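Worksheet for the structure shown next.
Values in this document were obtained by computation on a predicted structure and should not be read as measured data.
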Amino acid sequence: MTIYMNNAGAALVSDEVHERMVEHLQRERYVGASAAAMESGDEVAEFYERAARLLNADNPRQIAFVDSASRAWNVVLSSLPLKPGQKITTLSSEFGTNLVSLANLAERVGASLTVVPCAEDGSFSLREFEVASRGASLIAISHAAAQASILNPVVEIGSLAKAVGAFYLVDGCQALGQTPVDVIAIGCDAYTATGRKWLRGPRGTGFLFVRPGSGLRARDVDLASADLVLDPETGAISGVEIRQDARQFELWERSVAGLLGLSVALDDLLESDSNSRFKTISRYGSTLRAAVSRNSKFKLLGEERSPLGTVGFYCSNPTDEDAVGEMFRLGEISLSSMHDWDCPMFFPKNGATQIFRLSAHYYSSLQDVEKVAALIERA
């Protein structure tokens, strides 16, 4: 039987999540998608309440449902009123999608992009970050890295962002579901999340937190997010009135089945002993990181002592990569490989072509984790 170790890519949804989605899709078959959505109105409202609770947000209207965290990240960037000559600051450990989006924004508006370098363990100088952020209009980072056990100091960076008056955007893809998140303590203006990773929600789902007074204005709208304003005398179009809350970033067309499935996943986490789950994830991650560190054939990325379950490493000798990949295949271990486009400014410099990434979840078994750890040590 396959040992699943790719929760940082996409966790396995629970029976309850799967059943709720199938139930809604079956209902759509019989009454139509619009009627089924209307019947689920109360449950849809619960989704926003649950997402707000999970982030410790003040109000459900600070939450928007989106089809992915990447979409959320991009709608925030496209809505910022950046001007030529303004500054953007980020980290070299950022995921490739985030970096390419930031670089594209900088090129499009004529802004400058400063990337603060991180060491292989993910550490960086807060002092250097502070200097790089002076005069910045946007600070955009990940709460946790995708390729390694790196948990960034988002609260401290939030204080820096506030001090310089920068808009503060945080990607929570790899954090939410495996470590506590409090957007008030972080002090961010926007926080993005995906359903399919540590939350155990369905693919094609995510959500966005937007702080009131953030100054964002959606560029792409439809009747879900804006109203047409007509001149009362002539009937001519006189403007567009866009919602002022986070849902200005929603569109009318969306997967209600996906939203309901994600809501069930959120409820499962909220009603659980989340701290116990987080500790289990951390313990499994620590076991695997220790095994990697004990084998000189491998180089660990990120901190060995980390609360995260993500474990990234590469081969000291790149010629060993095929053999290591075959070892995992024969051991029936499902993991993921990351390449230079996934973390282009954080990729190994020794000629490696891939980063091996293991990620156990709370529902993984200790026996499986220990089996994978033993395999790594023997490699």
Side-chain angles (χ1 to χ4, degrees), residues 21 24-25 27-29 31-52 55 57 59-82 97-98 100-101 104-105 108-109 138 140 167 169 171-173 189-196 201-232 234-263 266:
M21 293 180 67
H24 185 80
L25 291 172
R27 190 61 181 159
E28 286 187 351
R29 290 183 65 199
V31 303
S34 296
M38 292 182 65
E39 292 174 356
S40 304
D42 289 344
E43 285 186 81
V44 169
E46 284 182 334
F47 159 74
Y48 296 99
E49 295 167 1
R50 289 166 177 170
L55 295 179
N59 193 302
R61 291 190 174 277
Q62 297 171 359
I63 303 296
F65 175 76
V66 292
D67 59 14
S68 70
S70 295
R71 179 83 65 191
W73 179 271
N74 278 307
V75 298
V76 170
L77 295 185
S78 69
S79 304
L80 285 168
L82 286 185
T97 290
N98 292 357
V100 75
S101 299
N104 182 61
L105 173 64
R108 177 167 57 83
V109 304
L138 168 64
F167 186 97
L169 170 61
D171 175 0
C173 262
D189 294 289
Y191 193 97
T192 67
T194 186
R196 69 180 166 91
R203 189 167 195 173
T205 66
F207 55 94
L208 167 66
F209 160 81
V210 178
R211 182 184 61 80
S214 64
L216 294 180
R217 180 181 169 87
R219 290 171 60 93
D220 300 311
V221 297
D222 67 5
L223 289 177
S225 51
D227 289 316
L228 201 62
V229 180
L230 302 180
D231 186 289
T234 66
I237 295 174
S238 61
V240 175
E241 185 175 319
I242 300 176
R243 292 183 65 138
Q244 297 300 302
D245 58 17
R247 293 181 214 177
Q248 65 179 287
F249 297 108
E250 293 187 348
L251 297 177
W252 186 269
E253 191 59 39
R254 61 184 180 178
S255 169
V256 176
L259 182 152
L260 295 175
L262 177 56
S263 185
L266 299 183

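Asp231 and Ser238 make their closest contact through N-OG, 3.8 Å (heavy atoms, listed as atom of the first residue, atom of the second, distance). The shortest heavy-atom contact between Val221 and Leu251 is C-CD2, 4.4 Å. Between Pro202 and Gly258 the shortest heavy-atom distance is CG-O, 3.5 Å. When every heavy atom of Ile63 is checked against every heavy atom of Ala52, the shortest pair comes out as CG1-N, 3.9 Å. Annotation for Ala218 and Ser79: closest pair CA-OG, 3.7 Å, computed over non-hydrogen atoms. Residues Leu105 and Leu77 share a closest heavy-atom pair of CD1-O, 3.8 Å.
For the atom pair CG (Asn98) and CG (Leu169), the distance works out to 8.0 Å, reported to the nearest 0.5 Å. Atom OG of Ser263 and atom CZ of Arg50 lie 4.0 Å apart (nearest 0.5 Å). Considering OG1 of Thr205 and CG of Leu260, their distance stands at 11.0 Å, rounded to 0.5 Å. Distance check, rounded to the nearest 0.5 Å: NE2 of His24 to CZ of Arg27 gives 10.0 Å. Here the straight-line distance linking atom CZ of Phe207 with atom OG1 of Thr194 works out to 9.0 Å at 0.5 Å rounding. Between the CG atom of Asn74 and the OG1 atom of Thr192 there is a distance of 10.0 Å, given to the nearest 0.5 Å.
Residues meeting the side chain to side chain contact (heavy atoms under 4.5 Å, CB included) test with Arg243, sequence neighbours left out: Arg61, Asp245, Arg247, Gln248. Looking at residues two or more places apart in sequence or on another chain, you find no salt bridge (charged side-chain N to carboxylate O under 4.0 Å, His left out) involving Glu28. For Thr97, there are no side chain to side chain donor-acceptor pair (under 3.5 Å) partners two or more places apart in sequence or in a different chain. Remark: Glu250 pairs with Tyr48, Arg254 by the side chain to side chain donor-acceptor pair (under 3.5 Å) rule, at least two apart or across chains. Applying the side chain to side chain donor-acceptor pair (under 3.5 Å) criterion to Glu43, with sequence neighbours excluded, gives Arg20.
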* **Residue pair Val240, Val229: steps toward the side chain to side chain contact (heavy atoms under 4.5 Å, CB included) verdict** => CA-CA 5 Å; Val240 175; Val229 180; 5.9 Å; no
* Walk me through it: do Phe167 and Leu82 pass the test side chain to side chain contact (heavy atoms under 4.5 Å, CB included)? => CA-CA 10 Å; Phe167 186 97; Leu82 286 185; over 6 Å; no
* side chain to side chain contact (heavy atoms under 4.5 Å, CB included) assessment of Phe65 paired with Leu262 -> CA-CA 10 Å; Phe65 175 76; Leu262 177 56; 4.2 Å; yes
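Within 6.0 Å of CG on Asp42 lie no more than 12 heavy atoms contributed by other residues, nucleotides or ligands. For CD of Glu39, the number of neighbouring non-hydrogen atoms (other residues, nucleotides, ligands) closer than 6.0 Å is greater than 12. Leu223 CG: 12 or fewer foreign heavy atoms inside a 6.0 Å radius.
The salt bridge (charged side-chain N to carboxylate O under 4.0 Å, His left out) pairs that include a residue from residues 203-222 are Asp189-Arg211, where partners are two or more places apart or lie in different chains.
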